[in-house]
Amino acid sequence: MDLTGIAEKWQKEWGDAHVYEPLDEGGEKKFYTAAFPYPNSPQHIGHGRTYTILDIHARYARLNGKNVLLPMAFHVTGTPILAMAKKVREKDPELLSIFSNIYGIPSSKFAELGEPEKLVMYFSEEIEQGMKEMGYAIDWRRKFYTFDAHFNKFIEWHMKKLHEMGLIVKGSHRLAWCPSDNNVVSSHDTKGDVDPEIEKVVAIKFALSAGEYLVVSTYRPETVYGVTNVWLNPQSTLVKVKVDSGEMLYFAKEAWESLSLQVSGKVVGEVSAKEIIGKNVESPLGKKIPVFEARFVEQEVGTGIVMSVPAHAPFDYLALREIGKLKEVPPISIIEYRGSAPIPAQEYVEKLGVKDTTDPLADTATRELYKKEAHWGRMKAGEFSGMPVMEAKEKVGEKFEKEGKAFTIYVLANGPVFCRCGCKIVVKKVDDQWFIDYGNVEWKNKAKECLGQMSIVPEITRKEYLNTIDWLKEKACTRSSGLGTKFPFDETKIVEPLSDSTIYMAFYTVAHELKGMKTSELTPQFFDYVFLGRGRKEVHPKAEMLRKKFLYWYPLDARHSGADLVRNHLPFFILNHAAIFPPAQWPKSIVVNGFVLMEGKKMSKSLGNILPLRKAVREYGADVIRFSVVAGADLSQDTNFEKSVAVGVKERVGDLLALLEYARTDRDGQAEKWLRSRLNRKLKEAPQLYANMALRELGQMLFYEMTQELHWYMKRAKKPALKTFFEKWAIAFSPFMPHLSEEIWHALGKKGFAVNERFPHADEDAIDDEIEAGERVISELIYDAEKIAERFGKTPEKVYVYTASEWKRGVYEEMRESKNMNPALEWARKNKADMGKAAAFAKGLMKRVHALQPALSEEVEFSALFDASEFLSKELGARVVVKKEADAAAGHEKASVAAPGKPAIILE
RNA sequence: GCAGGGGUGGCGGAGCCUGGAAAACGCGCAGGACUUAAGAUCCUGUGGCUUAGUGCCUACGCAGGUUCAAAUCCUGCCCCCUGCACCA
């Protein structure tokens, strides 16, 4: 069996016939897309899952006679490609080893991959080839790259639209920053891939003298009401900084090194901490307090200066106790919670037996007390008395900031974090940062309206989109470097990748036509007409024609993606459509899927367990991979790729092809009727399952169950005849395995392509409950008889089968319907049955009364078994005699145990 | 911390919405057939017990509750996974 040969043959035929290149007009259309790939590596089977689901969706629409568009392009925006090309040029051993060992790239290629454009071309061709080998129904005429000049024009237009609507704003922004590289860092730039977390801290000014302040930093501004003193590390040096307002602020020298990137000011002097220790300062509440020394104060954290709240901070309490000042500045308790001690910090220190500030338990005490007070505490002092602590924290911070007594600084919550270059990462404030204002409430509402009209598959993810739209704030939409489109309002910047990929589906509708045009023709007015119908069609000779094409394909009928995009790309996609397009062009649905695990583990470069898509196709064949990555789990679940399963699928495909030799004729025996009933039942159920993208269930039903049933049929049939079966089944299953279907279709002598056929109509008359129930009785009989034969001790010569009498069926049906013995016995009385036997029989059924299946009449059950006696004899290796219970031979008293669907079995 | 999802055999996982024979389907494992042998393939079995009468018992994270009936509905607890933005 040569699955690869079959696949290649049909891919070529489809390509030559331009089967997947739809006209931009005609009957009812469907337009489906999936997130375009980022070509900095070959695709693996995980990518294959999303695209295969998309392809199945598209192919099913084709079977329903729709004009289907499924385009593809490449996303090259951003820095990863540049970074990777740079690493190639630097001959980074780790990367080159991945290239050789996982991706299988010959080392002769390495030189050219150092150029970003060549890198893009190499991997995008690799990906495109893989998609073709998977048999995807893609219209490649519309392919583009996001650094193409034509696409740049489109994104410029997009940004200008947002700007016109006031949805693009400029402001300041904090970033994790490497002072040595002078660049933004995110998790993959750090040592150990730590994600730098930026956290808000309040800096409060304590007056040293008029116009001069010590700046303390704190997570708990509300505790300022309980402050007793300020702590300075005696080993630290303070810098005196003149800020824009003219005030002089003191920070620890180490702290200032990073704070200088977010607080603008000039260092005008230095002073040793020792000179300040012992002096008094004035708190923002006007209270005079002393400055003490404490070695636990870390000079590079926050401002490097802290305030002391001994009633609520175990460290402060311990430090005061160590220097014997607890009497001089007694703790002031300002927070209470149910069961709180007068001095909570003291209580926690004593409860945990914390020795001093160097004791690791001091941290534990701090954490526990903080948790307690933050969750359950209320203020009991100051103007916010009675307020929950969490709320007061906000209020106090805001109030002091407004009064100029405090300001906000940002720190790394999980610091210190180190850049790959070895430098310590700091927080930088950027002033001329552009944002897309996803925080805009009106916009959010419009997006929710759009979401409300969309169908979301799986439906359970809908609330995720809602949550995300709700908490989205301004999103920085430019970067200072990377591939992509220059930001039209600041051409030194590039439009960031998640911002240039939100409405590009509209671009597909005309991309093939724009290719022949000059970029100078692609003006905002031109796009206004094509995409929005604004202005006059005379703006360009082609405008009218392109407008029609756009209106034909839009709105997008389905957006497919991996589940990882639910919290970023997909909400942006909804928001931008809601902003730019009128409701008639809003997208119709989103379909997301989970990942693919490799033998139970997450695929990763470090584990080296990535299975590249093309390699998988070579090993197992496209159809097998297609089926393996989509039918193994529910859509939203992760699915597991196992070699043994793929091998099993491949074998079953081989079995199916082998059965083609019986596909020349049809027949009309009991076995054929049964198979036809089973097939048509599936054809009846399949459309609903396809519509819900219930691919796992479809796979179970149309593949596993069907092959099992074929197996039973092959045993049952006297001369197998599968012509009509294959005609229908091949088409119904073709979305999953188009190559196999095409092969079967042509083996049946059909003209034209299977992939252009219509979904087979379910013949409801062929669905026959009695035939199916009869077969069930037969197969269960074999099972039971074999079980009994095991106990029999020797191979029986004869097997007598007795079907249950009609009166039992009457009692049985009454019981099944009423779930009660009385109506059944009533029925028995009316029908003059033996009441003693009837009662005993009914009693026996009572236990499983909720689980009774409908029973056949004795006549039908009898004739099903009688017809099958030859088959039964063969299966059981003994002569099988089928009789009715009433005709039991002498000595066959056990015939009386027969029940509907469970004939009595007597071995001899 | 906040938000979302989830705990069912040796394993992956059905079943939960809409209460009514839990473990579909697959993998793995065991036995058999075929084979010189192995692999592949096919058949049979795979929670426990039991019987020549097609059955009985035990099990769905823990603890309660509702119900004739709970994996399924309700309450509390324990544990696990994912995301939290400038990153594609």
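The model shown is predicted, which means the values in this text are computed figures rather than measured ones. These numbers come from the heavy atoms of this one structure, side chains and all, not from hydrogens, waters or symmetry mates.
The listed nucleotides are B/C27, B/C43, B/G83; the one nearest the side chain of A/His711 is B/C43. Distances were taken from every side-chain heavy atom of A/Ser644 (C-beta onward) to each of B/C27, B/C87, B/G4; the shortest belongs to B/C27. Taking every side-chain heavy atom of A/Tyr704 into account, B/G26 is the closest of B/U54, B/A14, B/G26. The side chain of A/Glu642 approaches B/C27 more closely than any other nucleotide in the set B/C27, B/U54, B/G12. The side chain of A/Gln700 approaches B/C25 more closely than any other nucleotide in the set B/C25, B/C27, B/C87. Listed candidates were B/G26, B/U41, B/G5. Nearest to the side chain of A/Gln708 is B/G26. Residue A/Leu907 has its side chain nearest to B/A52 when only B/U41, B/A52, B/U54 are considered. Checking B/A14, B/U54, B/G26 against the side-chain heavy atoms of A/Val645 singles out B/G26 as nearest.
Here A/Leu781 lies out of heavy-atom contact (under 4.0 Å) with every strand. Note on A/Gln433: nothing from the nucleic acid sits closer than 4.0 angstrom, heavy atoms only. Across all strands, A/Asn467 comes closer than 4.0 Å only to sugar-phosphate atoms, never to a base (heavy-atom distances). Among the heavy atoms of the strands, none lies under 4.0 Å from A/Ala633. Contact annotation for A/Leu597: no contact, since no heavy-atom pair falls under 4.0 Å across all strands. Using a 4.0 Å heavy-atom distance criterion, A/Pro571 is classed as making no nucleic acid contact.
Between A/Phe74 and A/Phe123, the gap from one ring centroid to the other reaches at least 6.0 Å. For A/Phe627 and A/Tyr704, the distance between ring centers is under 6.0 angstrom.
Rounded to whole Å, the C1' atom of B/A63 lies 16 Å from the corresponding atom of B/G7. Taking the P atom of each, B/U75 and B/G28 are spaced 42 Å apart, rounded to whole Å. Nucleotides B/G39 and B/A52 place their C1' atoms 40 Å apart, quoted to the nearest Å. B/G48 and B/G10 have their P atoms separated by 10 Å, with the value rounded to a whole Å. A gap of 6 Å separates the C1' atoms of B/U72 and B/G19, to the nearest Å. Only the P atoms considered, B/G47 is 23 Å distant from B/A40, to the nearest whole Å.
With rounding to whole Å, A/Ile905 atom CD1 is found 10 Å from B/U54 atom P. Look at CZ on A/Phe641: it is 14 Å from C1' on B/G26, rounded to the nearest Å. The OH-C1' distance, from A/Tyr465 to B/G83, rounds to 14 Å in whole Å. The interatomic distance linking A/Glu780 (CD) with B/A21 (P) rounds to 15 Å, in whole Å. Atom pair A/Asp564:CG and B/G4:C1' shows a separation of 15 Å (rounding to whole Å applied). Between the NZ atom of A/Lys643 and the P atom of B/G26 there is a distance of 21 Å, given to the nearest Å. B/G83 atom C1' lies 5 Å from atom CZ of A/Arg567, rounded to whole Å. Between A/Leu570 atom CG and B/U82 atom P there is a gap of 20 Å when expressed in whole angstrom units.
Across all strands shown, B/G83 pairs with B/C2; the Watson-Crick or G-U wobble distances both stay below 3.5 Å. For B/C27, the paired nucleotide is B/G10, the pair qualifying as Watson-Crick or G-U wobble because both relevant distances are below 3.5 Å. With a cut-off of 3.5 Å on both pairing distances, B/U72 has no Watson-Crick or G-U wobble partner at all. Nucleotide B/U54 has no partner under the Watson-Crick or G-U criteria, as no pair reaches both atom distances under 3.5 Å. Nucleotide B/C42 is matched to B/G32 when pairs are restricted to Watson-Crick or G-U wobble geometry with both distances under 3.5 angstrom. Nucleotide B/A59 has no partner under the Watson-Crick or G-U criteria, as no pair reaches both atom distances under 3.5 Å. Within the shown strands, nothing qualifies as a pairing partner of B/A21 under the Watson-Crick or G-U definition with both distances less than 3.5 Å.
Base orientation of B/G55: anti, since the glycosidic angle falls outside 90° of 0.
By the 4.5 Å heavy-atom criterion applied to side chains, A/Thr485 and A/Thr146 are not counted as neighbours. Side chains of A/Val649 and A/Met737 form a contact here, defined as non-hydrogen atoms less than 4.5 Å apart. A 4.5 Å side-chain heavy-atom check between A/Ile436 and A/Leu162 finds at least one atom pair inside the cut-off. A/Val592 is not listed as a side-chain neighbour of A/Leu565, based on a closest heavy-atom distance of 4.5 Å or more.
Applying the side-chain contact (heavy atoms from CB on, under 4.5 Å) criterion to A/Leu656, with sequence neighbours excluded, gives A/Phe703, A/Thr707, A/Leu710, A/Phe726, A/Trp729, A/Leu740.
Listed pair A/Arg462 / B/G4 fails the phosphate criterion, with no side-chain N or O lying under 4.0 Å from OP1 or OP2. Within the 4.0 Å cut-off from OP1 or OP2 of B/G6, not a single side-chain nitrogen or oxygen of A/Gln637 is found.
One N or O on the side chain of A/Glu496 and one on the backbone of A/Ser499 form a donor-acceptor pair closer than 3.5 Å.
Under the 3.5 Å distance criterion, with hydrogens and angles disregarded, no donor-acceptor pair is assigned to the side chains of A/Glu464 and A/Thr461.
Shown are A/Arg567, A/Lys444, A/Lys448; of these, the salt bridge (Lys or Arg N to Asp or Glu O under 4.0 Å) with A/Asp470 is made only by A/Lys448.
Against RNA chain B, the stretch residues 468-480 of chain A makes heavy-atom approaches under 4.0 Å through A/Trp471, A/Leu472, A/Lys473, A/Glu474, A/Lys475, A/Ala476, A/Arg479.
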